[in-house]
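A quick write-up on the structure given underneath.
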Amino acid sequence: MYNNKYLKTTFLENHHKNKTIMKYQSFFPFLLMFALNAALFSSCKKNNDSKINVQVTEVTPNSGPYSTIVTITGTGFSANASENEVKFNGIDAVVQNASSTQLTVVVPKAGGAGPVSVTVEGKSDTWPFFNYTFTTTVSTLAGSTQGFADGTGSSAKFYLPTGVATDAQGNIYVTDDGNNRVRKITPTGVVSTLAGNGTQGFVDGNGSSAEFNGPVGIAVDAQENIYVVDNRNNCIRKITPVGVVSTYAGNGTQGFADGDGSSAEFSNPLGIAADAQGNIYVADYGNIRIRKITPDRMVSTLAGNGTQGSADGNGNSAEFNFPAGVAVDAQGNMYVADLFNNNIRKITSSGVVSTLAGNGTAGYADGNGSSAKFNQPTGITVDGQGNIYVTEQENSRIRKITPAEIVSTLAGDGTQGFADGDGSSAEFNYPWGIDVDAQGNIYVADSFNNLIRKIIQE
């Protein structure tokens, strides 16, 4: 006879087991799916991790200007050109053709030498150096024959333009020496007269009521005030953004005296530059000194003792041989075109003078520092990267000095003449003033050609 209690217990236990089995049987498909997905994810991750790393083994050619076709050889590239990200000196390049081991790429306007990087799906490698070479093109921005005329481009006329300076909007200001005027050129080449009426004189006033006598050097400060070296008046004039002309320093007497603006004296000053703090620097040609004018119009002597020579040193222990041009960089260092020493001098913010480039011998030679030769360097400017640009009267060339003190020829073939075109075939005739704008465009007062030239480096 069966025990009902036992049967009941056994039934309940079996029923519970069956329910548990059914429960797991119903959940099994989900467990299986989870396991398969985990395995698939693990497999994909493993495959992704085992993908061949990108490696660059060769870049050919390893130098050239923009638009040069370069072949990059290596491994781990994508056969789909658009999946390969290539940069020259941080600038994106166009990939024309691609395979897993080779890319054909067009060099972009890279703005200088630097590395080449290749990135494919997050993996990358870098070729350490591509020697980017600039393409230099010279054109005529404004001017034609000797004379005076406002207008656009070649319809405008200048008479011995001497100095150039640019503002933050890309406008160019020109000291028109023979016309005793200060001219303005818009970025599109429209020329107008900012100040001066053409009469040789010494009159302050507004725009055309002002008079100059041999305006040469010119500079623009951060507030867009314009400073003009009024050579034969032996003073520094200031033009406000609205065209009001005043005498900033110098009293019209040729001589030498430091002091406040109205009592200071200069002797045939030529070059001028402004720093970020509003200080003005003047190449005081006749006094053979570099002068400094503070924002409160106090004039002092920064370097030079009035003696013709080539001595380096501190302040008044240094010597120059008729300094013609001055420029100042973002760190407050000054650069001087030392005309008859045929070299480029550097002055630190504390007044220490050294010779940056040139060996004192008149001639023509590119090279490093003292191995380079100049022939009457006159105008000088410096760009945001610390490159220095110099005009040479007798060599009829525009020279470039890199921060590493390497001197090269930017434009001009040494012939006194006129020719636009490639930098190496362009011609100038007594180039004087020079400046570079924020975009790296260079402007030259081509004095004896009565033109304003523009140089583009790409």
Donor-acceptor pair, distance only, cut-off 3.5 Å: does the side chain of Asp125 make one with the backbone of Val56? yes
List the steps, then state whether side chain to side chain contact (heavy atoms under 4.5 Å, CB included) holds for Tyr132 with Lys109. CA-CA 9 Å; Tyr132 182 89; Lys109 295 179 180 179; 4.1 Å; yes
What's the shortest heavy-atom distance between Ala445 and Ile452, and which atoms? CA-CD1, 4.1 Å
So, Asn234 side chain and Asn268 main chain: donor-acceptor pair closer than 3.5 Å or not? yes
Extract all donor-acceptor atom pairs below 3.5 Å that involve side chains of residues 380-387 and protein atoms in other chains or at least two apart in sequence.
| from | atom 1 | to | atom 2 | distance (Å) |
| --- | --- | --- | --- | --- |
| Thr381 | OG1 | Asp435 | OD1 | 3.0 |
| Asp383 | OD1 | Gln385 | N | 2.9 |
| Asp383 | OD1 | Gly386 | N | 3.0 |
| Asp383 | OD1 | Asn387 | N | 2.8 |
| Asp383 | OD2 | Asn387 | ND2 | 3.2 |
| Asp383 | OD2 | Tyr389 | OH | 3.0 |

Under a 3.5 Å distance rule, please check whether Thr57 uses its side chain to pair with a backbone N or O of Thr73 as donor and acceptor. yes
Kindly determine whether Asn287 and Ser267 satisfy side-chain hydrogen bond (donor to acceptor under 3.5 Å, both in side chains), including the steps that lead there. CA-CA 6 Å; Asn287 282 319; Ser267 179; 4.6 Å; no
Which pair of non-hydrogen atoms, one from Ala219 and one from Ala274, has the smallest distance, and what is that distance? CB-N, 4.1 Å
Find out whether Ile226 and Ile218 are in side-chain contact, i.e. whether some heavy atom of one side chain is under 4.5 Å from a heavy atom of the other. yes
Should Lys454 and Ile172 count as side-chain neighbours, where that means a heavy-atom distance under 4.5 Å? no
Should Asp258 and Phe256 be marked as a side chain to side chain contact (heavy atoms under 4.5 Å, CB included) after you check the CA-CA gap, both sets of side-chain angles, and the distance that decides it? CA-CA 7 Å; Asp258 286 333; Phe256 170 70; 4.1 Å; yes
Please tell me if the side chains of Ile69 and Val106 come closer than 4.5 Å, counting only heavy atoms from C-beta onward. yes
Asn321 (side chain) donor-acceptor with Leu339 (main chain) under 3.5 angstrom: no
Distance from Asp413 atom CG to Glu427 atom CD, nearest 0.5 Å? 4.5 Å
What do the steps show when you test Ile401 against Arg399 for side chain to side chain contact (heavy atoms under 4.5 Å, CB included), and what is the final call? CA-CA 7 Å; Ile401 309 171; Arg399 311 289 287 281; 5.6 Å; no
When rounded to the nearest 0.5 angstrom, what distance separates CG in Asp150 from NZ in Lys157? 12.0 Å
Which pair of non-hydrogen atoms, one from Ser262 and one from Arg297, has the smallest distance, and what is that distance? N-NH2, 3.8 Å
Smallest heavy-atom separation, Leu270 atom then Tyr285 atom, equals CD1-CD1, 3.3 Å
Sequence neighbours excluded, the answer for salt bridge (Lys or Arg N to Asp or Glu O under 4.0 Å) partners of Asp260 is none
Does a side-chain N-to-carboxylate-O contact under 4.0 Å join Arg397 and Glu392? no
Would you give the length of the straight line joining atom OG1 of Thr361 to atom CG of Asn343, rounded to the nearest 0.5 angstrom? 9.5 Å
Would Thr378 and Gln393 count as having a side-chain donor-acceptor pair, cut-off 3.5 Å? yes
Taking atom types as modelled, find out whether Ser310 and Asn341 have a side-chain donor-acceptor pair closer than 3.5 angstrom. no
For the CG atom of Asp204 and the OG1 atom of Thr247, what is their distance to the nearest 0.5 Å? 3.5 Å
Can a donor-acceptor pair be found, under 3.5 Å and without considering hydrogens, that links the side chain of Asn233 to the backbone of Cys235? no
Separation between NZ of Lys184 and OG1 of Thr193, rounded to the nearest 0.5 Å: 12.0 Å
Tyr159 atom OH, over 12 foreign heavy atoms within 6.0 Å: no
Polar side chain donor-acceptor pair, Thr136 to Gln457, under 3.5 angstrom: no
Counting only N and O atoms by type, is there a donor-acceptor contact under 3.5 Å from the side chain of Arg237 to the main-chain atoms of Phe202? no
Closest approach of Gly360 to Asn342 (non-hydrogen atoms, all atoms of both residues): O-ND2, 3.9 Å
Give every residue pair that meets the ring pair (Phe, Tyr, Trp, His ring centres under 6.0 Å) criterion with at least one member in residues 427-452, sequence neighbours excluded. Tyr430-Phe448
Could you list the donor-acceptor pairs under 3.5 angstrom formed by side chains in residues 208-215, with sequence neighbours left out?
| from | atom 1 | to | atom 2 | distance (Å) |
| --- | --- | --- | --- | --- |
| Ser209 | OG | Asn206 | N | 2.9 |
| Ser209 | OG | Asn206 | O | 2.7 |
| Asn213 | OD1 | Arg232 | NE | 3.0 |

I'd like to know if the side chain of Thr60 and the backbone of Thr71 have a donor-acceptor N/O pair within less than 3.5 Å. no
Val116 side chain reached by Val86 side chain, heavy atoms, under 4.5 Å: yes
Strictly distance-based, threshold 3.5 Å: is any side-chain N or O of Asn305 a donor or acceptor partner for the main-chain N or O of Asn316? yes
Determine whether Pro61 and Val70 make a side-chain contact, defined as any pair of heavy atoms from C-beta on separated by less than 4.5 Å. yes
Smallest separation among heavy atoms of Ala324 and Pro377, with atom names: CB-O, 4.3 Å
Could I get the full list of side chain to side chain donor-acceptor pair (under 3.5 Å) partners for Ser155, not counting sequence neighbours? none
Does some side-chain heavy atom of Thr140 sit less than 4.5 Å from a side-chain heavy atom of Asn449? no
Side chain to side chain donor-acceptor pair (under 3.5 Å) partners of Asp221, counting only residues at least two apart: Asn225, Tyr227
Where do Phe266 and Val229 land on the side chain to side chain contact (heavy atoms under 4.5 Å, CB included) test, with the steps shown first? CA-CA 10 Å; Phe266 299 86; Val229 176; over 6 Å; no
Under 3.5 Å donor-acceptor, Asn62 side chain and Asn131 backbone: no
Is any side-chain heavy atom of Pro161 less than 4.5 Å from a side-chain heavy atom of Asp177? no
Using modelled atom types and a 3.5 Å cut-off, is there a donor and acceptor pairing between side-chain atoms of Ser117 and backbone atoms of Phe88? no
With rounding to the nearest 0.5 Å, note down the distance linking CD in Glu458 to OG1 in Thr133. 12.5 Å
Residues Ser78, Asn80; criterion side-chain hydrogen bond (donor to acceptor under 3.5 Å, both in side chains); working and verdict: CA-CA 5 Å; Ser78 172; Asn80 184 342; 5.5 Å; no
Taking the side chain as every heavy atom from C-beta outward, state whether Ser447 and Asn429 have any atom pair closer than 4.5 Å. no
